Number of protein chains: 2
Amino acid sequence: MKTMKKERLSEMAAKEIKAYMKERHLKEGDKLPPVSELMETLGIGRSTLREALQLLESRGALQVLNGKGTFVKDIKPFHIQTSIEIDNKKDFLLEALEVRKALEGKAVDLAVVHASDTEVNRMQTHLNRYVEALKNNEREKANAADADFHQTIYQATKNELLKSIIDSVWDSFYEFWNEPFGVEDIFDTSYPYHETLLQAIKERDSEKAAAAFQQIMESVRSSIENI
Amino acid sequence: MKTMKKERLSEMAAKEIKAYMKERHLKEGDKLPPVSELMETLGIGRSTLREALQLLESRGALQVLNGKGTFVKDIKPFHIQTSIEIDNKKDFLLEALEVRKALEGKAVDLAVVHASDTEVNRMQTHLNRYVEALKNNEREKANAADADFHQTIYQATKNELLKSIIDSVWDSFYEFWNEPFGVEDIFDTSYPYHETLLQAIKERDSEKAAAAFQQIMESVRSSIENI
DNA sequence: TCTAGCCTTTCATACAGCATGATAGTATGA
DNA sequence: TCATACTATCATGCTGTATGAAAGGCTAGA
């Protein structure tokens with residue numbers, strides 16, 4: 001005899017809901033039926049259903065908003081939860097920097113190999129936006145463009161796990177980094193290497209890319225040191 | 001006025017429970033008070049409490065067993081969830097391998113610099129256990145010793161964030177890897193490089209260490225390819 | 001003396017009903 | 001015209017009740 005059912009009802013319901021989403025090809029932002037309805041169609045009680053929904057929410061697959069409804073958020077294969085407690089900001093940032101070096105260095109390496117032409121073009125676009133914003137002294141825009149630039153690189157690795165981990169390390173990194181530097185500094189110390197990096201990716205030159213990336217990280221390091 | 005409470009009650013409760021665990025220095029395997037009791041001490045309803053517990057469970061911090069109680073499982077700051085079934089095991093393992101190369105490569109690099117004498121000795125001990133187990137054809141013991149060996153290296157980096165990320169990547173890696181190879185293969189292809197790696201750490205030779213580590217990863221790669 | 005069967009205790013699991021609160025759209029009235 | 005009040009829709013949260021799983025203890029029959 002096979003192992004009998006032992007799984008919790010809420011987990012079964014979660015799978016059911018996921019199957020439902022897949023079946024109806026629900027995309028990000030789409031709305032799920034209200035709880036009362038799901039309750040009936042799945043034939044389970046409300047608290048059980050809520051547990052199932054919460055399970056999916058904690059995995060980042062759903063987002064449930066009070067008074068509005070339940071919405072599809074994400075269908076990524078990985079979800080990373082962090083609960084990092086830090087006592088020393090600077091130490092944490094330095095630790096995180098080492099991790100970023102490893103992870104993003106690998107990403108650059110993979111991007112050199114796997115980036116498609118479209119992706120390279122997209123990087124160029126973001127980099128142009130970046131330099132434009134720096135020239136106009138628009139800090140917010142510059143940061144956004146920079147993030148997009150890096151995102152595109154990580155996308156180009158074609159490695160979902162790597163990308164997910166980098167994303168969450170970024171999140172915790174920037175949570176504790178209130179960018180202590182002025183635009184001019186970035187323009188001088190960091191921007192030129194971005195340009196070199198992109199060039200290297202275009203030329204599929206992994207050594208050049210690695211060197212440029214190390215320079216970027218070095219400028220971040222000195223920013224941290226000067227906190 | 002400050003931002004009023006917007007957080008969900010269940011999340012607040014989850015934090016409260018976590019604080020409770022920390023406060024009482026609960027270790028892995030310890031038992032939490034039963035729901036009925038927690039319900040009262042936290043002053044919340046049962047369904048809310050259940051949601052809080054489930055939240056912690058989905059993070060891997062707790063394990064709740066029907067008819068027995070709620071138990072502390074783990075207090076890791078970094079947790080990777082693989083949301084659905086991975087459709088292609090091999091692809092996932094290859095992706096994870098790239099991440100491991102980046103992360104653990106960095107760890108080896110840091111360990112060469114920061115490992116204390118005690119840590120180096122500990123590595124040696126674990127490695128001895130490892131080879132012993134291999135000789136006696138004891139698969140289980142060999143794996144445990146191997147894990148301990150690597151753990152000690154990551155410990156020696158003195159980088160908590162790096163260590164916790166590596167830990168969770170390991171967890172998801174081994175969840176999908178049912179080690180398809182025999183002990184003899186390991187003895188030939190993988191073990192010698194472990195010895196070289198340790199030598200390199202002892203000699204504080206980062207290049208040699210990096211090379212040995214790459215060899216180990218290479219042997220893992222070919223194991224994966226042959227699945 | 002041993003042990004299978006039954007009870008009890010301790011817990012989690014699940015359901016149903018009810019009250020509250022958030023959000024958004026719509027109607028009302030000065 | 002525009003703010004205010006009403007209302008529908010949905011999630012949030014609490015409680016009473018009952019079901020079910022695990023473990024330990026008790027008792028009767030071999």
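Residue numbers start from 1 in every chain, and the chains themselves are labelled A, B, ... in the order their sequence lines are given, proteins ahead of strands. This is a predicted model, so every value here is computed, not measured.
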Atom [atom1] of [X] to atom [atom2] of [N]: distance rounded to whole Å?
{"X": "B/Met39", "N": "D/dG13", "atom1": "CE", "atom2": "P", "value": "15 Å"}
{"X": "B/Glu11", "N": "D/dG13", "atom1": "CD", "atom2": "P", "value": "9 Å"}
{"X": "A/Leu32", "N": "D/dT9", "atom1": "CG", "atom2": "P", "value": "18 Å"}
{"X": "A/Gln63", "N": "D/dT12", "atom1": "CD", "atom2": "P", "value": "11 Å"}
{"X": "A/Lys31", "N": "C/dA24", "atom1": "NZ", "atom2": "P", "value": "12 Å"}
{"X": "A/Leu65", "N": "C/dA24", "atom1": "CG", "atom2": "C1'", "value": "13 Å"}
{"X": "B/Glu40", "N": "D/dT15", "atom1": "CD", "atom2": "C1'", "value": "13 Å"}
{"X": "A/Lys68", "N": "D/dC10", "atom1": "NZ", "atom2": "C1'", "value": "12 Å"}

Answer with yes or no whether the side chains of [Y] and [X] bring together a donor and an acceptor at under 3.5 Å.
{"X": "B/Glu175", "Y": "B/Ser172", "answer": "no"}
{"X": "A/Asn128", "Y": "A/Glu132", "answer": "no"}
{"X": "B/His194", "Y": "B/His150", "answer": "yes"}

Looking at the side chain of [X], which of [options] is the nearest nucleotide?
{"X": "B/Asn66", "options": "C/dC15, C/dA22, C/dA12", "value": "C/dA12"}
{"X": "B/Arg46", "options": "C/dC15, D/dT17, C/dA12", "value": "D/dT17"}
{"X": "A/Ser47", "options": "D/dA11, C/dC15, C/dT13", "value": "C/dC15"}

Over all strands shown, is A/Gly45 touching base, sugar-phosphate only, or nothing at heavy-atom distances under 4.0 angstrom?
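Result for A/Gly45 = sugar-phosphate.
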For a quick test of reading the model, state the closest non-hydrogen atom pair linking A/Ser58 to B/Gln81 and the distance between them.
O-OE1, 3.8 Å
5'-most contact on DNA chain C: A/Gly67 or B/Pro34, nearest heavy atom basis?
B/Pro34
Polar side-chain atom of A/Asn159 near backbone of B/Glu95 as donor-acceptor pair, under 3.5 Å
yes
If the cut-off is 4.0 Å, is B/Thr70 near the phosphate of C/dC11, judged by side-chain N/O to OP1 or OP2?
no
